[in-house]
Amino acid sequence: MPKKFYVTTPIYYPSGNLHIGHAYTTTLADILKRYKDMQGYETFFLTGSDEHGQKIEQKANEAGLSPMEYLEEKVESFKTLWKALKIDYTKFIRTTDSYHEETVQKIFTMLLEKGFIYEGNYEGLYCVSCEEFLNADQIDENNMCKISNTKLELVKEETYFLKTSLFQDFMENEVLANEFLIPAYRRNEMLNSFVKPELKDLSVTRTSFSWGIPIKENPKHVVYVWLDALTNYITALGYLQNDDSNFKKFWEDENTEILQLAGKEIIRFHSIYWPIILKSLDLRQPTHLLGHGWILSKDTKMSKSLGNVIDPIEMINNYGADALRFYIGYELPTEKDGNFTDELFIESFNAHLANNIGNLISRTNQMITKYFDGFVDTTDVQYDKELTEKGIQTVSQYIKNMDEYKISDAIRNILDLGNACNKYIEEKTPWNLAKEENFSELKNVMATLQRNITIMTYLLKPILVENYEDMIEQIGLKDFELSFEKIINWNEIVFKKLGDKKIIFKRVN
Ligand code: MSP
């Protein structure tokens, strides 16, 4: 039985165009999914769109369209972006899909029948942009939402509540006491800001607008957009539906590694309310929730509501999908906020993709072509001991980091190997070996480089998906000849004559 991996992104609001911030989460998920594929896992990668709620209703009204008309084009633009960014999702869920709406109604009924939901009245300040009732410490001195910087609405309405207060102990001593939420420091944030002060029951229906899933029991209520949205992670797999084979495989099976990704502003929903909903339904918890920081633009969060966004499509058109995937994976480690500007992007591209990797491949290939007519026969080659050792170590460090979802560290391992190879060229001065006609040593050097470039390229496979095939063929191999095991043990791998040379990652000025 292959191991199984289920990875999810938040489902994004189609209240505007997606920006680099959304591309960030989705690319991280895609890199991890592709890595698990390489490790032989059976994978399921879910993303989608969160289409109900007051914000979408307002946006559609402003555009003079019905919500469905408004959504159509936006959702298409999501899919266009994911295609351009080479996102290999397994399924795209829309919360307006009928299977999802029907299942949410069933879930609501189940929670009501189990006694976890009751009727009442709510009064509080609501942020439409975040679709969230706010606590005092989420509001700034001007009575605005600290996250979206927008005005709040005083809402007073009939509502159903989820008895989250019953789960105080469960949250403190189970969910937030174990490894579920990573990085670990975010557990304390959640405990101290939201759980320990007291878990208040969560309002889970709204009555003052209608763009949502009506509950069967009392159709003037629509399901609160977050209960509707969070459950997408299981409705997409077929939970409570005729064909629930994916649900059995990717959720119920305790051996499935379930990884959910979310930005820090929505960790509260994913690490508190979502585990409580699952617990109330008697379902298992995800293995991990990876909460990540924000992409900033001049020190503030990049966001639609703040209007300081960078369009990922523009970046892809200018520099290619791989360049963006690389920047996201390497320069924006998940445990802190990161910056994204054109200058930083170009600087990183030139230093790592053009100079370190691109240049290494092209100069090595030129030498192999010049000195050996494109073919290095490795039958009696002596690989350089130190660099060979470093190559093997790089693979194991990379695997360890990727297994811990530390993509940036894993990429750094690859870049270190690239630097070591470049330094090796400077030290060995192959051009002098050629002059001296020391062809046996020259061959050792070329074979050592070719071997380590193969390792680097293979490890970059989940990141540089557009260029990978070209890179691997240029060094005289085909992808099917490679695996983690093979690049570590280095038997069975036999180079052919180098493939066509293509310039990859040309310096940008
Ligand atoms: N619809 C909800 C999520 C429901 S999930 C059950 C939502 N949507 S959103 O469109 O606002 O997307 C939020 C997510 O987009 C963040 O959690 C994060 O993954 C990503 N990002 C949006 N802006 C971001 C940055 N500036 N930086 C990093 N990620 C950000 O919330």
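Being a predicted model, the structure only gives us computed values, none of them experimental. Start at 1 and go down the list; that is how both ligands and their atoms are numbered. Index from 1, following the sequence.
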Protein contact to atom 16 (C) of ligand 1 [nearest heavy atom, distance to 0.1 Å] = Glu265 OE2, 3.1 Å
Can you pull out the closest protein heavy atom to atom 30 (C) of ligand 1? Residue, atom name and distance to 0.1 Å, please.
-> Gly21 O, 3.5 Å
Qualifying residue for ring pair (Phe, Tyr, Trp, His ring centres under 6.0 Å) with His52, from Phe209, Trp226, Trp211, Tyr13 | Trp211
Do any N/O atoms on [X] end up under 3.5 angstrom from N/O atoms on ligand 1?
X	value
Pro10	no
Ile11	yes
Thr25	yes
Leu230	no
Tyr13	yes
Gly263	yes

Mind checking whether [X] and [Y] have ring centres under 6.0 Å apart?
X	Y	answer
Tyr122	Phe133	yes
Phe340	Tyr327	yes
His352	Tyr330	yes
Trp294	Tyr24	no
Phe45	Phe92	no
Phe345	Tyr319	yes

Is Lys36 positioned over the aromatic face of Tyr41, cation under 6.0 angstrom from the ring centre and no more than 45 degrees off axis?
-> yes
Is Lys59 close enough and on-axis enough to Tyr70, meaning under 6.0 Å and within 45°, for cation-pi?
-> no
Counting only heavy atoms closer than 4.0 Å, does ligand 1 sit against the backbone of [X], its side chain, both, or neither?
X	result
Tyr12	both
Ile295	both
His19	side chain
His270	side chain

Of all the heavy-atom pairs spanning Phe247 and Gly238, show the shortest one and how long it is.
-> CB-C, 4.2 Å
Evaluate the ring planes of His22 and Tyr12, with Trp represented by its six-membered ring, and classify them as parallel (under 30°), tilted (30 to 60°) or perpendicular (over 60°).
-> perpendicular
If the cut-off is 4.0 Å to any non-hydrogen atom of [X], which atoms of ligand 1 fall inside it?
X	result
Asp50	1 (N), 2 (C), 4 (C)
Gly293	28 (C)
Tyr24	28 (C)
Ala229	6 (C)

Give the single entry among Lys264, Met302, His22, Glu51 that approaches atom 26 (N) of ligand 1 most closely by any heavy atom.
-> Met302
Of the listed options Phe269, Trp274, Tyr233, Phe340, closest to atom 5 (S) of ligand 1 (non-hydrogen atoms) | Tyr233
